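First up is the structure itself, then whatever we jot down about it.
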Amino acid sequence: MQTVHTLSDLRAALRLRSGWALVPTMGNLHAGHLGLVARARELGAPVVASIFVNRLQFGPNEDFDRYPRTLQRDAEMLAGAGCDLLFAPDEAQMYPQPQTFRVLPDPALAGILDGAARPGHFEGVTTVVMKLFHMVQPAHAVFGKKDYQQLLIIRRMVEQFALDIDIVAVETVRAEDGLALSSRNGYLTPAQRQQAPQLHAALRALAQAARRATTPPELAAVERDALLALQRQGWAPDYLSLRRRSDLQPLSADDLLHATPGVVLGAARLGQTRLIDNLEC
Ligand code: PAF
């Protein structure tokens, strides 16, 4: 695997082959990321991974400064997974000038759920992803379903800007006890790590209960109960909600009647650590 740090080296390396699959990451890799690389390889495409901790998508009181930077270990993992090229720019490469031109995602999709809890987050994500798309010009880009809202927003961005990129989604990888793999799991104390699968369990219980609701007020009551139950277990939840898969809007009475495909999404803080997860249902 070749590693490059500058845009000119990236472009030179990309020219050697065509039809690249891009796996964008912020590093501190785990088995979930390696699953994205494996999926990219299945496409028969040469694989380029990026590692860049993107300041734009972190709020002022979030974990940008302490986000783990583990480049050497990440590069070894990527090489072992069969990645062909690693692009690891520093901030001066990615943002040589202050990034005053931004991608503004639709607030109907980016202002709800995680977007409501983390104002500006998805603007930061779409801006860096659009920039990576321009730098790499991939044929495919692979994203995990763990960041369900992010995936949907990027799909919409690609559609609305008519980008010729095939967006590929990969299922969430979980630990045996159900906890979705995430770089932020590393922040958990051993006791919190034991407790952490409660978020996934809460989503499973909510998915079951919510599917029995026949009206939006009934559904809202089920969601409220799920939130309170998680709170009683010591979590500080931002949201636990059943949404339509297509646009992440609340299910209407008609949706409930016709079992429109849904997804339960949750975000909650355990101590200092904010975890997210989701489950299609
Ligand atoms: O999902 C992530 O790791 C990040 O949001 C992404 C897509 C690499 C953009 O910084």
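A quick note: this is a predicted structure, and the numbers were derived from the prediction, not measured. Whatever order the structure lists them in is the order used to number ligands and atoms, beginning at 1. The first residue in the sequence is number 1, and the count goes up from there.
F122 does not carry R156 over the face of its six-membered ring by the limits of under 6.0 Å from the centre and within 45° of the normal. Geometric assessment of R66 against the ring of Y187 yields a positive cation-pi assignment under the 6.0 Å and 45° thresholds.
The environment of CD in Q272 is sparse: at most 12 heavy-atom neighbours from other residues, nucleotides or ligands sit within 6.0 Å. For R244, the CZ atom sits in a packed shell: over 12 heavy atoms of surrounding residues, nucleotides or ligands are nearer than 6.0 Å.
The shortest N or O to N or O distance between N54 and ligand 1 is not under 3.5 Å.
Ranking protein heavy atoms by distance to atom 7 (C) of ligand 1, first place goes to Q150 NE2, 3.5 Å.
Which of Q57, H121, K146 comes nearest to atom 9 (C) of ligand 1 through a heavy atom is settled by distance: it is Q57.
Near V128, meaning under 4.0 Å from any of its heavy atoms, are these atoms of ligand 1: 9 (C), 10 (O). Interface atoms of ligand 1 facing T25, defined by a heavy-atom separation under 4.0 Å, are 8 (C).
If you look at F143 and Y148, their ring centroids are not closer than 6.0 Å.
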